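First the proteins, then the strands, lettered A, B, ... as listed; each starts at 1. In this text the structure is predicted, and so the values were computed from the model without any measurement.
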Amino acid sequence: MVALTFPDGARREYPDNSTGFDIAKGISPSLAKRTVAMALDGVLIDLNDKIEKDAKIEFVSRDDPRALELIRHDAAHVMAEAVQQLWPGTQVTIGPVIENGFYYDFFRNEPFTPEDLPVIEKTMREIIAKDKPFTKEIWTRDQAKKFFKDKGENFKVELVDAIPPGESLKIYKQGDWLDLCRGPHMTSTGKIGNAFKLMKVAGAYWRGDAKNPMLTRIYGTAWPEQKQLDEYIHMLEEAEKRDHRRLGREMDLFHFQEDAPGAVFWHAKGWTLFETLIAYMRRRQQEAGYNEVNTPQLMDSQLWVTTGHMEKYREMLFLTEKREDDERTYTIKPMNCPGHVQLFKNGLKSYRDLPLRIAEFGKVHRFEPSGALHGLMRVRAFTQDDAHIFVTEEQITEVCLGIHHQLLSIYSDFGFETVAIKFADRPEKRVGADDVWDKAEVSLLAALKAAGKPYSHNKGEGAFYGPKLEYVLRDAIGRDWQCGTTQVDLNLPGRLGAFYIAASGEKVTPVMIHRAIFGSLERFIGILIEQHAGHLPLWLSPVQAMVCTITSDADGYAGEVLAAAKKAGLRVDADLRNEKINYKVREHSLAKVPVLLVVGKKESESRSVSIRRLGSEQQSVMPLEAALAALAAEATPPDLKRGQEAT
RNA sequence: GCUGCCGUAGCUCAGUGGUAGAGCACCCCCUUGGUAAGGGGGAGGUCCUCAGUUCAAUCCUGAGCGGCAGCACCA
């Protein structure tokens, strides 16, 4: 007998080898009917599994959040069956559940096209309508290998081989069709329901390795109810509306063109935003004791051999051709650090100079793979808010901690309160001895522990010269973006021959801490655009206000408003065109101008403005001076606001 | 980089082996209108590039470039 504890606390005994289904049926046939799986001691398993020991039991119905994964996994199996039914000879590989859905990777000489998706979906619906029961069998390794080999399923044979000895081989059947699978599954295909949709086809490497054959992956999404599927599709449409590439064009911020793949053409408004971010960061850096510098865009390629970049990252570098009248070739900088080491080396440094903070808004170029390029998020030419802090070994922890606090304060100014931290240690491709790495990792981790924030461990993901902390922002629609980084580097300064004179009079190699907060200005702007769906906060908006006239009678007054607003420090423009106010409101709203200052006869007579805020249909009429004072206060960058409050 | 899809006006997109289209935007005219598109007219194209097939290519074929999605990559 086994003793089972139910969610309500009741405890009952059942004969050995009872299945979940037996027990559910014993309680009530309707419970058995609506149960798709069970959880024993919190672990989800097949409802038809035999229960062999005392446990807490829960019956999982279709609308249980835990069933979502099963619905999706079952849908993946049904999709695989549909595909093999439609195109016999297609090999199946793996089909896991992912966030919001599932996929299955197939191998077939002919690729799938988007037109195939509705056909596959139709066949899936037929399989689901048949309500085929899922059944499980345990096979031996040889049995499974022979079966898949005979069927020509070579990828499955590889998967069988990859299963560790001693682990049982589970085969799940739905009718005649079967698949090697870890499970669990629901009781039958009918439980999947109809709230699913195949989303797209794409290539994916077998086992995620670019050296392996390319498979075709079909992505799908599945939900318990149609309503949730509709909501999900609606959410995707909303995300598309936030796409910074579209908004960038609509807001006249930047563009790309074929002549410069992966490089931004910043328009005046986009550049205003860019400069606003730099001005902000410049103030924050000054307050934290950084010295801003500028270093050459091109340096002798030999320098990059010394740093190790040429060896480790040659394919990422932009190099100049050798000229007839010059012996040397040059490399466009992919990073600012070697330049900053040159600055450190220029003039003898004392331990009294440390920590020495060198900052640069450095524009770097990296030959990113063409397939990686994505709007502002991944480019080949970008600007870092880069800084290098030269310290003694003893100063590492304290300096990293200081960076940590400033970094969080800065993210908070931009409205990012959820920041995850990852600790990345030594990668395989690296320079420097292991004992040096030991030291660097210990010191950086000490700062992280002192900060007292939760963090995750990103094994083997450090830079080639040192371990790093990665700061990951969560945006308004739940996406994660890695922006900031703090890296401890015990290697490069030594390689490049940097030293300082210690208190003892000896020459000592300094430790260099690399840090960036925005990371890439370009990317950070892309994130801000998507975070706010283009509705940037007033202090960041390139055009903060637009004076709109109702009739040309107000042109003169509009000019006064414009001049006064500029004098108040606002970035403002005026629209005096011979257009109706509706037209102007629509146009500037679409361009995401946050404040419209509408002036007509009434306003000019009373020296006031009618204010309409982006996203609101309401207007408020205020005296001109008061309105401008309020807007100017709101448009003050958060760090300056704090400064004003303090005085 | 790999796989698939795509490239026609500033934008969104139709279309055809023989003379290239729409809506919006732009310019001009009329309209002076109170908070998300007033009306009329006009201009605008190397149909991504190069080669091939053809009497004839924007269309068919091949290569290249660029974009999109996914994968791989991301110091």
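- Ranked by how close their nearest RNA chain B nucleotide is to the 5' end, Glu470(A) and Leu373(A) are led by Leu373(A).
- Below 30°, between 30° and 60°, or above 60°: for His514(A) and Tyr465(A) the angle between ring planes is below 30°, a parallel geometry.
- Spacing between atom NZ of Lys211(A) and atom C1' of rC71(B) amounts to 14 Å, rounded to whole angstrom units.
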Kindly give the atom pairs (protein nitrogen or oxygen, nucleotide nitrogen or oxygen) under 3.5 Å for nucleotides 22-26 of chain B.
none

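- Listed nucleotides rA75(B), rC71(B), rC73(B) differ in distance to Ala372(A); the shortest reach to its side chain belongs to rC73(B).
- For the pair Arg515(A) CZ and rA75(B) C1', the computed distance is 17 Å after rounding to whole Å.
- As judged by a 4.0 angstrom heavy-atom cut-off over every strand, Glu603(A) is placed among the base-contacting residues.
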Between the protein and nucleotides 5-9 of chain B, which nitrogen or oxygen pairs come in under 3.5 angstrom?
| unit_1 | atom_1 | unit_2 | atom_2 | d |
| --- | --- | --- | --- | --- |
| rG7(B) | N2 | Glu258(A) | OE2 | 3.4 |

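- Using a cutoff of 4.0 Å between basic side-chain nitrogens and carboxylate oxygens, Asp438(A) and Arg426(A) are scored as salt-bridged.
- Here Thr216(A) lies out of heavy-atom contact (under 4.0 Å) with every strand.
- Whole-Å rounding puts the Phe106(A) CZ to rC71(B) P distance at 17 Å.
- Using a 5.5 Å limit on the distance between ring centres and a 30° limit on the angle between planes, the aromatic ring of Tyr313(A) counts as stacked on the six-membered base ring of rA75(B).
- Tyr219(A) comes within 4.0 angstrom of sugar-phosphate atoms only, judged by non-hydrogen atoms across all strands, and of no base.
- Arg207(A) contributes no side-chain N or O that forms a donor-acceptor pair with the base of rA72(B) under 3.5 Å.
- Remark: P of rG66(B) and CZ of Phe256(A) are 14 Å apart, rounded to the nearest angstrom.
- Lys429(A) comes within contact range of no nucleotide atom at all, as no heavy-atom separation falls under 4.0 Å.
- At a threshold of 4.0 angstrom between heavy atoms, the contacts of Lys584(A) with the nucleic acid are absent.
- Atom CD of Glu579(A) is separated from atom C1' of rC29(B) by 13 Å (rounded to the nearest Å).
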Table of protein N/O atoms under 3.5 Å from nucleotides 10-13 of chain B N/O atoms:
| unit_1 | atom_1 | unit_2 | atom_2 | d |
| --- | --- | --- | --- | --- |
| rU12(B) | OP1 | Arg249(A) | NH2 | 3.4 |

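- Using a 4.0 Å heavy-atom cutoff across all strands shown, Arg245(A) reaches sugar-phosphate atoms only and no base atom.
- Within the nucleic acid shown, His588(A) has no heavy atom closer than 4.0 Å to any nucleic acid atom.
- Nucleic acid contact class of Gly308(A) (heavy atoms, under 4.0 Å, all strands): none.
- Residue contacts shown for Arg217(A) are limited to sugar-phosphate atoms, with no base heavy atom under 4.0 Å away.
- Within 4.0 Å of Pro261(A), counting heavy atoms only, lie sugar-phosphate atoms of the nucleic acid but no base atom.
- Salt bridge Glu158(A)/Arg207(A): present, at least one basic N to carboxylate O contact under 4.0 Å.
- Going from atom CZ of Arg378(A) over to atom C1' of rG1(B) covers 12 Å, rounded to whole Å.
- Using a 4.0 Å heavy-atom cutoff across all strands shown, Val201(A) reaches no nucleic acid atom at all.
- Rounded to an integer number of Å, the gap from NE2 of His255(A) to P of rG67(B) is 13 Å.
- Residue-level contact check: Leu596(A) touches neither bases nor backbone, having no heavy atom under 4.0 Å from any strand.
- Residues Asp209(A) and Tyr205(A) both approach RNA chain B. Their nearest nucleotides, taken by heavy-atom distance, put Tyr205(A) toward the 5′ side.
- Pair assignment for rA51(B) gives rU61(B), based on Watson-Crick or G-U wobble hydrogen-bonding distances that are each under 3.5 Å.
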